[in-house]
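A short write-up of the structure that comes next.
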Amino acid sequence: MFMKTHGIVTKMVTGDNRFIAKTIGKMVGIGKRIVWRERIKEFRLKLIEKYDIFAELLPEDKYELVKVSKQKYVCLLYTSPSPRDLSTS
């Protein structure tokens with residue numbers, strides 16, 4: 001709640017299955033609007049602003065999402081337990 005009241009936007013970007021991602025997103029209060037890889041043609045700012053959760057993404061998809069997000073957002077926090085994601089950050 002603190003982040004929302006201070007204008008901080010939180011998005012979940014994951015390679016996890018969409019059903020798992022939606023459940024976790026709901027548990028931590030990120031949001032309910034979800035999109036997954038097969039429904040994304042290309043990452044655009046409008047798409048990124050529309051959804052809260054991005055699921056079933058590959059490391060290169062995550063890289064593209066962060067790159068496009070930087071057009072508008074000043075600060076991005078990106079965490080990952082996967083060494084595969086480090087090569088694209």
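None of the values given here were measured: they were computed from a predicted structure.
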Review point. Linking I/L/V/M/F/W/Y whenever their side-chain heavy atoms sit closer than 4.5 Å, directly or via other members, would Ile24 and Ile30 fall into one cluster?
Key: yes
Check your understanding: Taking atom CZ of Arg33 as the centre, does the number of heavy atoms from other residues, nucleotides or ligands within less than 6.0 Å exceed 12?
Key -> yes
Check your understanding: Distance-only, no hydrogens or angles: does the Arg18 side chain make a donor-acceptor pair with backbone N or O of Ile34 under 3.5 Å?
Key -> no
Point to revise | Same cluster (ILVMFWY, side-chain, under 4.5 Å), Ile48 and Leu57 | key: yes
**Study point:** Nearest heavy-atom neighbours spanning Leu58 and Arg37
**Key:** CD1-NH2, 3.2 Å
**Study point:** Heavy-atom closest pair, residues Glu49 and Lys72
**Key:** OE2-NZ, 2.7 Å
Review point. If you take all heavy atoms of Leu65 and Phe43, which pair is closest and at what distance?
Key: CD1-CE2, 3.5 Å
Practice item. Check the hydrophobic clustering (I, L, V, M, F, W, Y; side-chain heavy atoms under 4.5 Å; chains of links allowed) and say if Ile40 and Tyr51 are grouped together. Key: yes
**Study point:** Distance, nearest 0.5 Å, that separates NZ of Lys32 from NZ of Lys22
**Key:** 8.5 Å
Point to revise | Donor-acceptor contact below 3.5 Å, side chain Lys62 vs main chain Val13 | key: no
Practice item. May I ask whether Val28 and Ile53 are part of the same hydrophobic cluster, defined by side-chain heavy atoms of I, L, V, M, F, W, Y residues being less than 4.5 angstrom apart, directly or through others? Key: yes
**Study point:** Check: Ala21 main-chain N/O paired with Asp16 side-chain donor or acceptor under 3.5 Å
**Key:** no
Practice item. For Asn17 and Trp36, run side chain to side chain contact (heavy atoms under 4.5 Å, CB included): C-alpha distance rounded to whole Å, both residues' side-chain angles, the deciding distance at 0.1 Å, then the answer. Key: CA-CA 8 Å; Asn17 171 288; Trp36 50 96; over 6 Å; no
Review point. Are Met12 and Leu47 connected, step by step, through hydrophobic side chains (Ile, Leu, Val, Met, Phe, Trp, Tyr) whose heavy atoms are closer than 4.5 Å?
Key: no
**Study point:** Electrostatic pair Glu64-Lys67, nearest N-O below 4.0 angstrom
**Key:** yes
